[in-house]
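Report on one structure; see the data block that follows.
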Amino acid sequence: MTDEEWAVVRDAMPTPAWLEGRGGQPEGYCHRVMLDAIRYVTDSGIKWRSMPVDFPGWDRVYAFFRRWRANGLAKELSDRLRGKARVAEGRQTEPTAAIIDSQSVKGAASVPAASRGYDGGNYLGASVMAGQADQRWWRAAKREK
């Protein structure tokens, strides 16, 4: 992680309790190192136990990840970085429009009929996966046509 990247996320990182005088022991690992390790796992798509020895032990990194995720830090970082990317592209921080789409997927025999629907366009009993897309995807799709 570069110093510039760290400057963007540093203020979103939680302050350890011992620094605020709430007791506890100093943490054994720097937050920057832990964030680097988590980024490595997500970027490489490896298993937690396959972390290189350059990073702290996988169990410690995973414990930090779980704690940060439970406290909403992962969403906070994602929202901040998305906002910065949108502003850099000359758009508002928050999306002003969304596209809701669905896709039919063939249901397995083990999926109960009560949870299946009927997609008349595909003529099959299927489950429907719903998703949202940012406005930029809509514009990109329109440009390709």
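Residues that satisfy the side chain to side chain contact (heavy atoms under 4.5 Å, CB included) test with Ser44, not counting sequence neighbours, are Tyr40, Ile46. Partners of Trp58 by ring-ring contact (aromatic ring centres under 6.0 Å, His included), not counting sequence neighbours: none found. With sequence neighbours excluded, no residue satisfies side chain to side chain donor-acceptor pair (under 3.5 Å) with Gln92. When the salt bridge (Lys or Arg N to Asp or Glu O under 4.0 Å) test is applied to Glu4, no partner is found at least two apart in sequence or on another chain. Val61 is linked by a side chain to side chain contact (heavy atoms under 4.5 Å, CB included) to Met34, Ala37, Ile38, Trp48, Met51, Pro56, counting only residues two or more places apart in sequence or in another chain. Taking the side chain to side chain donor-acceptor pair (under 3.5 Å) definition, one finds that Arg10 meets it with nothing, sequence neighbours left out. Applying the side chain to side chain contact (heavy atoms under 4.5 Å, CB included) rule to Ser78 yields no partners; only residues at least two apart in sequence or on another chain are considered.
The salt bridge (Lys or Arg N to Asp or Glu O under 4.0 Å) pairs that include a residue from residues 33-58 are Glu5-Arg39, where partners are two or more places apart or lie in different chains. Applying the ring pair (Phe, Tyr, Trp, His ring centres under 6.0 Å) definition to pairs two or more places apart or across chains, those involving residues 66-86 are His31-Trp68, Phe64-Trp68. A salt bridge (Lys or Arg N to Asp or Glu O under 4.0 Å) check over residues 59-76, counting only residues at least two apart or in different chains, returns the pairs Glu27-Arg67, Lys75-Asp79, Glu76-Arg80.
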TODO: Start with the C-alpha distance between Arg82 and Glu94, add both sets of side-chain angles, then the distance that settles salt bridge (Lys or Arg N to Asp or Glu O under 4.0 Å), and finish with yes or no.
DONE: CA-CA 9 Å; Arg82 184 195 67 239; Glu94 293 295 325; 3.2 Å; yes

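Hydrophobic clustering (side-chain heavy atoms under 4.5 Å, transitive across Ile, Leu, Val, Met, Phe, Trp, Tyr) groups Phe55 together with Trp6. Linking Ile, Leu, Val, Met, Phe, Trp and Tyr residues whenever their side-chain heavy atoms come within less than 4.5 Å leaves Val33 and Val9 in two separate clusters.
Of the possible polar contacts, none joining the Arg86 side chain to the Arg91 backbone as a donor-acceptor pair under 3.5 Å is found.
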